[in-house]
Amino acid sequence: MRMLLSLMIPSLLWAAQPAGPIHDHYDRRLAPRLVPLLSEVIRFPTVAGNTKAWTDQKAWLQALAMDLGFEVRDAGKVMEVDLPATGPRAGAPVLGLLVHGDVQPVDDHWSIPPFSGTVKDGRVLGRGAADDKGPMIQALLAMKALKESGPARTSTIRLLVGSDEESTNTDITDYLKANRPPDLSLVLDSAFPVVVGEKAWNALTLATQRPTAPTADRPWTVAALEAGLATSIVPDRAVIRLASATGTDPLTDLRKRLEARPLDPGCRAAFSLAPEGAGASLTVTVQGKAAHGGVNLEGGRNALVALARLLDGELPPGGADDLLAFARKAGTDLYGTGLGLTETDPLWGRCAVNVATLKPETDGGLKLTLNIRATPKRYGPALEAHLRQVVSEFATARHATFSFGGFFGDTPLAFDPQSRLVKRLMADYARATGRVDRPAISGGGTYAKRMPHAIAFGMWFPGQPYPGHDVDEQVPIEDLHRGVHVLIETLTDLACGEPLKEPFKP
Ligand SMILES: [Zn+2]
C-alpha cells in the first residue's frame with residue numbers, strides 16, 4: 001500500500017519543502033534590487049578581447065557576492081560563488097548553476113547605447129540583458145532568498161560564472177582540468193521549462209574558383225559578391241556588383257527587370273547603376289533581418305537567399321551563379337528540404353538550415369557557408385556523407401566544381417523526458433508559474449555539452465522570440481522576477497530535500 005501510494009503521488013512527496021515564505025521574502029526584500037543590479041552589470045562591456053571590462057566585472061561580482069554573504073573563489077576562467085550546505089559541509093553534494101559573464105559583440109544598429117543598462121517600458125535593455133547577465137543576477141538573488149529565509153540545505157549551491165562562452169568557449173573545459181564538476185548542474189542560458197535536446201552544430205562550405213563567362217544575352221561579369229557576418233547569424237545584408245564592358249544599356253534593362261520582381265517578404269533591395277570606363281556597373285544590395293541562427297532562425301529574414309532568388313536566371317555561367325543556385329536550393333525552407341534532410345522526429349522536429357555567408361577568398365574564389373543544426377536522426381559522418389552526395393549530384397547537373405568542406409564533429413545532446421530530473425524540473429516550473437509547457441529542444445548549444453551531469457534550465461520563457469544576439473536585446477522585468485520564482489522553487493526542491501539519485505534515469 002505504501003509502495004503504491006508513493007508511486008501514485010510522487011509529486012506531492014517531492015514538494016516536501018514548502019517554498020511559500022521564501023517567495024514572499026524575495027518579493028518584499030530582494031525584488032527591488034534586481035533591476036538596478038542588472039543595469040549595473042550590463043555596463044561592463046564584456047565582449048571577447050575586452051580584458052579591462054572582464055577584470056572590472058569580476059571585482060564587481062566578487063564584492064557583490066561577498067556583500068550578499070556568499071563565499072567567492074576565483075578559479076581562473078570561471079568564478080565560483082557558494083552558498084554552502086547547512087551543517088557539516090564535507091560530503092554534501094554540490095548543485096551547480098551555470099551562467100556566463102561575457103557577451104556577444106554589438107553593431108551600430110541599436111536604438112539605445114548597448115552598454116548603458118537602460119530601463120524602459122517595463123523592460124531592461126542592453127547587451128547581455130537576456131544572455132546571460134539577467135540569469136546571473138536572478139541566480140544570486142534566488143540564492144540570497146534561500147539563505148535568508150529558506151529551510152536547511154542538504155546541498156551546497158554553487159553559481160559558476162564563465163568568461164568566454166560566446167567566443168573561444170574554453171572556460172568550462174579548462175576549469176574541469178583542476179576542479180571537480182558539481183554533482184548536478186543547471187545551465188541558466190536557454191529556455192524554460194527545461195531543454196531536453198540540443199541539436200548538433202555543423203557547417204557546410206562550398207568553394208569555387210570558376211570564373212564568370214559573359215554571354216550574348218547576359219553580357220556582364222560578377223565584380224564582387226558578399227553576404228553575411230558569421231555562421232551562426234542569419235545574414236541581414238547581401239551585395240553583388242555586376243560589371244559590363246560595353247555601355248549602360250544591358251545593365252539598365254537588367255535593373256528594370258530586377259526592380260519588377262517580387263522580393264522575399266521582410267527584405268528590401270536597393271539598386272545603383274554607375275558608368276564605369278566604357279561600360280557600367282550595377283550594385284544590388286538586399287537588406288534582411290539578422291537573428292540567432294540556432295535559437296531564433298524563424299525570426300530572421302535571410303538577405304543572401306533573397307538575393308539569390310532575385311538573380312535567378314540573370315547571371316551568366318560561373319562560380320557566383322553556381323553558389324547562388326545552391327543557396328536557393330538550400331534555402332527552399334529553413335528546415336533542409338532542399339538538401340533532402342526531410343526526416344522528422346516527434347520530439348526534435350526537423351533540422352535547421354541557415355544559408356549564412358558568401359565571401360570572397362584570398363585566392364580570388366568564392367566560398368558559401370551553411371549552418372546546419374542537426375537532430376539525432378542524422379548528424380556527424382552520416383550527415384556529411386549525405387551532403388557530399390547532394391553536392392556532387394548538384395555539381396554534375398550544372399557542370400560546376402566545388403571544393404567541399406566544413407565541420408561535422410558535433411553531436412546532439414539528448415535527455416530522457418521521463419528522467420527523474422526532467423520531471424522534477426517540470427514540476428518545479430509548473431508550481432512556480434502555474435504553466436504547463438512542453439520540454440524544449442534548442443538549436444543552440446550550451447555549457448550542458450561541456451559540463452558533466454548538466455542540463456539547460458531557463459531562463460527564457462516560451463512563446464516569445466529569444467532576444468539574445470539580436471540588436472536592442474531586452475527582457476521584460478516581470479519575466480525576470482518570474483524566473484527568480486522558478487529558481488527559488490527549484491533550489492528549494494533540489495538543494496533542500498533528499499538529494500536526487502541517478503537524476504538522468506527514469
Ligand atoms: Zn548565452
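Since this is a predicted model, take the numbers as computed values, not measurements. Indexing begins at 1, ligand by ligand and atom by atom, following the structure's order.
- Taking the centre of each ring, His485 and Tyr26 come in below the 6.0 Å mark.
- At a cut-off of 2.8 Å, measuring from the Zn ion (ligand 1), the protein N, O or S atoms that fall short of it are His100 NE2, Asp131 OD1, Asp189 OD1, Asp189 OD2, waters left aside.
- No salt bridge links Asp82 with Arg73; every basic N to acidic carboxylate O contact stays at or beyond 4.0 Å.
- Put simply, the side chain of Asn354 gets close to the backbone of Ile233: a donor and an acceptor are under 3.5 Å apart.
- Contacts of Glu384 classified as side chain to side chain donor-acceptor pair (under 3.5 Å), with partners at least two apart in sequence or in another chain: Arg388.
- Under the side chain to side chain donor-acceptor pair (under 3.5 Å) criterion, Asn371 pairs with Arg373, not counting sequence neighbours.
- Ala139 meets the side chain to side chain contact (heavy atoms under 4.5 Å, CB included) test with Leu97, Leu159, Leu188, Leu487; sequence neighbours excluded.
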